Amino acid sequence: MKKLFALAMMLCLTMNVVRAEQVVVETRNTSLVLEVEKGKQPKYVYYGAKLSAQELAHLQLPRDGRMEAYPAYGLNAPAEAALAMRHADGNLSTALVCEGYEQGRVVDEGVATLHAASAETMVTRITLKDPVYPVTVTLNYKAYVDEDVIEAWTEIKNGEKQTVTLTTFASAMLPIRRGDIWLSHFYGSWANESRLVEEPLTPGQKVIVNKDGTRNSHTDHAEVMFSLDGKGQENQGQVIGAALCYSGNYRLKVTTDDTEYHYFFAGINEDNSEYHLKKGETFQTPALALSFSQEGLSGVSRNFHKWGRKYKLAHGNKERKILLNSWEGVYFDINQQGMDQMMHDIASMGGELFVMDDGWFGDKYPRKVDNSSLGDWVVDKNKLPDGIEGLLRDARKNGVKFGIWIEPEMANTTSELYEAHPDWIVKAPKREPVLGRGGTQVVLDLSNPKVQDFVFSIVDNLMTKYPEIDYIKWDANMPIMNHGSQYLTMTDQSHLNIEYHRGFEKVCQRIRQKFPDVTIQACASGGGRANWGVLPWFDEFWVSDNTDALQRIYMQWGTSYFFPAIAMASHISATPNHTVFRTTSLKYRIDVAMSGRLGMEIQPKNMTDEEKALCRKAIGEYKEIRPIVQFGNIYRLVSPYDKKGLASMMYVTDQKDKAVWYWWKTESMQNEHLPRVKMAGLDANKYYKVRELNRIDLKPLDCEGKSFSGAYLMNHGLEMPYRNDVDWGKKTDWSSRVLLLEAE
């Protein structure tokens, strides 16, 4: 992305703007319109449904709003600014006026190795300059035409003779006309990630920030949706979605004052991160991805999912394997025989991949619990006498692929790495390090090129020596607690949070350049790295360490607003659940896990024959629906957050010839009254044959094997029994259904 304009380009140059011109950034269904005039700040005029030539010719200019596309601080100090800087002479004021613009088609072939397609986009660049100081700001708008997504980012170049200091540097600002505007955003914590909250925008400020340093999607997410005509509805209504594509600390801010507009700013969190921009240096902000839909919240989600699978997510066009992970089975108690048993178990269930989690490494300091060994990435021969070679041998024997867990950005003070390189950790100057997990964990300083080389070498050594490794689970279990770099100069200590993620990106780029085919999961104390700044190098993320099926419905619902099912690792776990100790039925756990990338934490060796048969059947049926779930279009139908006693959603193919429909009860009461769920996204004129998956009932549903028109299913829906019809001794208070619909 940072080398975008070094790629093959075809640009229509229009640099000598004399009078006000409309600059239109378009996708298939949307238009973003700016007014550009030489010597003035570009102004937003419109963002919404696509406009015709006649509509553009008669487009009204906004009134009673500050519409500057990238407002700078100092000449209207009371207003919120996207850019603020301290010039070399100490001046805090900046003015930005237009010099000209260019538009053209860009073919970015650099993404083709990892992603579904090369990006063919329309790019608009508007050049702004300060009339007094030699500072240049370029506004960039990149339109993914078919996916209705526009990325906006900024390049700030210092032409002064000395260093300038950036104190505010948003990626973009978007004005949103006041009215009945609702904001959807996502909060949470460890084991409770991505919880949806919906609220009206009111006067004042709404600020969403992250200060974790290494991970940025636990407490809040860098993605929001604005519903423009009241509380958001899933499949109707006008909605704007915005996602900051950045792996580090961020700030999203909506300011509402006495004008007619809300002002949305998004970018890097500048708290304690002022940036010293050297002479001739250009600072590039992360992209803010925007999408507009007239098909509600799910409509924006569908746009982001298509865009993500095609252009952002690593291997977004390849089906994900069904795996068994060792963590909840044995935790740190890794041994050769146990791993062989797990490989045999997942193979017997029809699975395709086994992943050995934490606990396999350490020589001088064996990894027995979480307080040692990070950084010492050598096999513990007491646990694994045959080493990784033996594990790969057993994987071949059992007919499955093999994956491994690492946490390459971290170390423990109890480790050979720390003993050799105490200068490699993040640490405040003149102070003792703040320690994390296990009382010994520390973060390696990725601003340091030597640390970058070391982190790269972890993957390089594994993959070069053992090229059969198919999957890497990359974890990150500690935030940056103490601000300080032993590599950066004392004058540039404020660069730490930015340089860390520049280093992280460099490492990821090197890994993917050398090992483009390996599957890599982003795990960070669970769902700490669910963001589009990470996923260009990762195939998926671990939604949460909490695998409880009921809570996963809520977390995966929120996650689905911006991320497709193919990226959402969702595993069947044992009960009582290891986090919340809830006991849910096995079918319910299966039905929830099958709405994402299916995997297992539950160990087949601990299951009854009947439970194994149900899981084996579910894995077989998931393979049938895997293309629909992982590549289909999402339609959320009934939200668990609406407290109607159930949740329901579905995936539909592009051709509308197949769909998978999910229905989960979220509570159980006597004499309950649940809504009948109307489906969405089907072809009204096609007839769909119904087949229930994961069936445990003594007799089939009354709709089983029957055909219904798409119109009937969308206008009326199907009645579902509130409980599963099973033998008395097998009844539970958990009920769920998964239906496969196939056009005749």
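The analysis underlying the following values was restricted to heavy atoms, covering all of them including side chains, and did not include hydrogens, waters or symmetry mates. These figures come from a predicted structure and were not determined experimentally.
A donor-acceptor pair shorter than 3.5 Å can be found between the side chains of S301 and R636. Looking at E193 and S544, their side chains do bring a donor and an acceptor atom within 3.5 Å of each other. No side-chain donor-acceptor contact under 3.5 Å links S494 and S273. Between the side chains of D148 and T27, at least one donor N or O sits under 3.5 Å from an acceptor N or O. T282 and E155 form no side-chain donor-acceptor contact under 3.5 Å, judged by distance and modelled atom types alone. Side chains of H87 and E160: a donor on one and an acceptor on the other come within 3.5 Å. Under the 3.5 Å distance criterion, with hydrogens and angles disregarded, no donor-acceptor pair is assigned to the side chains of R302 and N633. Residues D257 and Y263 have side chains that never bring a donor and an acceptor to within less than 3.5 angstrom of each other. Of the N and O atoms on the side chains of Q294 and Q236, not one donor lies less than 3.5 Å from an acceptor on the other residue. One side chain, W182 or D180, offers a donor N or O that lies under 3.5 Å from an acceptor on the other. Residues S52 and E55 have side chains that bring a donor and an acceptor to within less than 3.5 angstrom of each other. No hydrogens or angles considered: nothing links the side chains of N216 and N249 as a donor-acceptor pair under 3.5 Å.
Residues Y70 and L96 meet the side-chain proximity criterion, which asks for heavy atoms closer than 4.5 Å. Looking at heavy atoms from C-beta onward, N497 lies in side-chain contact with H483 at the 4.5 angstrom threshold. For the pair D212/I480, no side-chain contact is recorded, criterion being any heavy-atom separation below 4.5 Å from C-beta on. When side chains are defined from C-beta on, I156 does not count as touching N158, because their heavy atoms never get closer than 4.5 Å. Using a 4.5 Å heavy-atom threshold, the side chains of T259 and M67 count as separate. Between N531 and E223, the closest side-chain pair of non-hydrogen atoms falls below 4.5 Å. When side chains are defined from C-beta on, M85 counts as touching V135, because their heavy atoms get closer than 4.5 Å. Side-chain contact between I176 and L228 is present, with at least one heavy-atom pair separated by less than 4.5 Å.
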Let me see the working for K278 and D492 under salt bridge (Lys or Arg N to Asp or Glu O under 4.0 Å), right down to the final yes or no.
CA-CA 11 Å; K278 297 177 176 60; D492 283 344; 3.6 Å; yes

Show your reasoning for whether side-chain contact (heavy atoms from CB on, under 4.5 Å) applies to L313 and F563.
CA-CA 10 Å; L313 181 67; F563 302 100; over 6 Å; no

Please step through side chain to side chain donor-acceptor pair (under 3.5 Å) for the pair Y133 and N91, ending with a clear verdict.
CA-CA 10 Å; Y133 292 90; N91 193 339; 3.0 Å; yes

Any chance you could lay out the salt bridge (Lys or Arg N to Asp or Glu O under 4.0 Å) test for K206 and E199, step after step, and finish with the verdict?
CA-CA 10 Å; K206 178 68 178 181; E199 57 185 316; 2.9 Å; yes

Could you go through Y73 and E80, starting from their C-alpha distance and side-chain angles, then the distance that decides it, and tell me whether this counts as side chain to side chain donor-acceptor pair (under 3.5 Å)?
CA-CA 8 Å; Y73 177 81; E80 289 294 325; over 6 Å; no

Determine, step by step, whether R19 and E37 satisfy the salt bridge (Lys or Arg N to Asp or Glu O under 4.0 Å) criterion, reporting the C-alpha distance in whole Å, the side-chain angles of both residues, the deciding distance to 0.1 Å, and the verdict.
CA-CA 5 Å; R19 61 182 64 87; E37 183 174 356; over 6 Å; no

With side-chain contact (heavy atoms from CB on, under 4.5 Å) as the test, would you mind laying out the steps for M679 and Y635 before giving the verdict?
CA-CA 8 Å; M679 299 185 189; Y635 291 85; over 6 Å; no

Audit row: V45, L59, side-chain contact (heavy atoms from CB on, under 4.5 Å) steps and yes/no:
CA-CA 8 Å; V45 179; L59 188 59; 3.5 Å; yes

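Side chain of Y250 to backbone of K211: no donor-acceptor contact under 3.5 angstrom is found. Of the possible donor and acceptor atoms, one in the side chain of N715 sits under 3.5 Å from a partner among the backbone N and O of A711. Not one N or O on the side chain of T121 forms a donor-acceptor pair closer than 3.5 Å with the backbone of V123. The backbone N or O of F292 sits less than 3.5 Å from a side-chain atom of Y47, completing a donor-acceptor pair. Side chain of T127 to main chain of Y101: no donor-acceptor pair is present (N/O by atom type, distance under 3.5 Å, no hydrogens or angles). The main-chain N or O of G533 is never found under 3.5 Å from a side-chain atom of S247 such that the two would form a donor-acceptor pair. Using modelled atom types, one side-chain atom of Q22 and one backbone atom of L56 make a donor-acceptor pair closer than 3.5 Å. Not one N or O on the side chain of H185 forms a donor-acceptor pair closer than 3.5 Å with the backbone of V224. With hydrogens and angles disregarded, no donor-acceptor distance shorter than 3.5 Å links the side chain of H221 to the backbone of G558. No donor-acceptor pair under 3.5 Å is formed between the side chain of T256 and the backbone N or O of P203.
With respect to E147, the salt bridge (Lys or Arg N to Asp or Glu O under 4.0 Å) criterion is satisfied by exactly one of R309, K310, K306: K310. For the side chain to side chain contact (heavy atoms under 4.5 Å, CB included) criterion with T124, the lone passing option out of V24, L139, V25 is V25.
Scanning all heavy atoms of the two residues, the minimum distance from A81 to T168 falls at O-CG2, 3.7 Å. In this structure, V652 and G681 approach most closely via the heavy-atom pair CG1-O, 3.5 Å.
Between W307 and F304, the distance from one ring center to the other falls under 6.0 angstrom. The ring of F169 has its center closer than 6.0 angstrom to the ring center of F283. Between Y141 and W153, the distance from one ring center to the other does not fall under 6.0 angstrom. Aromatic ring centres of Y651 and F631 lie farther apart than the 6.0 Å criterion allows.
Atom-to-atom distance recorded for I150:CD1 and N140:CG is 13.0 Å, nearest 0.5 angstrom. Considering OG of S93 and CZ of R86, their distance stands at 13.0 Å, rounded to 0.5 Å. In this structure, the separation between CZ on F562 and OG on S217 is 13.0 Å, given to the nearest 0.5 Å.
By the 30° and 60° cut-offs, the orientation of the rings of F504 relative to H501 is perpendicular. Using bins of under 30°, 30° to 60° and over 60° for the plane-to-plane angle, the ring pair Y554/Y641 lands in the perpendicular bin. Note: F226 and F264 have perpendicular aromatic rings, judged against thresholds of 30 and 60 degrees for the angle between ring planes. Classified by interplanar angle (parallel below 30°, tilted 30° to 60°, perpendicular above 60°), the ring pair H495/H276 is tilted.
In this structure, K656 places its NZ atom where more than 12 heavy-atom neighbours from other residues, nucleotides or ligands lie under 6.0 Å away. The number of heavy atoms from other shown groups lying within 6.0 Å of NZ (K40) does not exceed 12. Annotation: N272, atom CG; neighbour count of heavy atoms from other residues, nucleotides and ligands within 6.0 Å does not exceed 12. The neighbour count for K644 NZ, taken as heavy atoms of other residues, nucleotides or ligands under 6.0 Å away, does not exceed 12.
A salt bridge is absent between R63 and E260: the closest approach of a Lys/Arg side-chain nitrogen to an acidic carboxylate oxygen does not fall below 4.0 angstrom.
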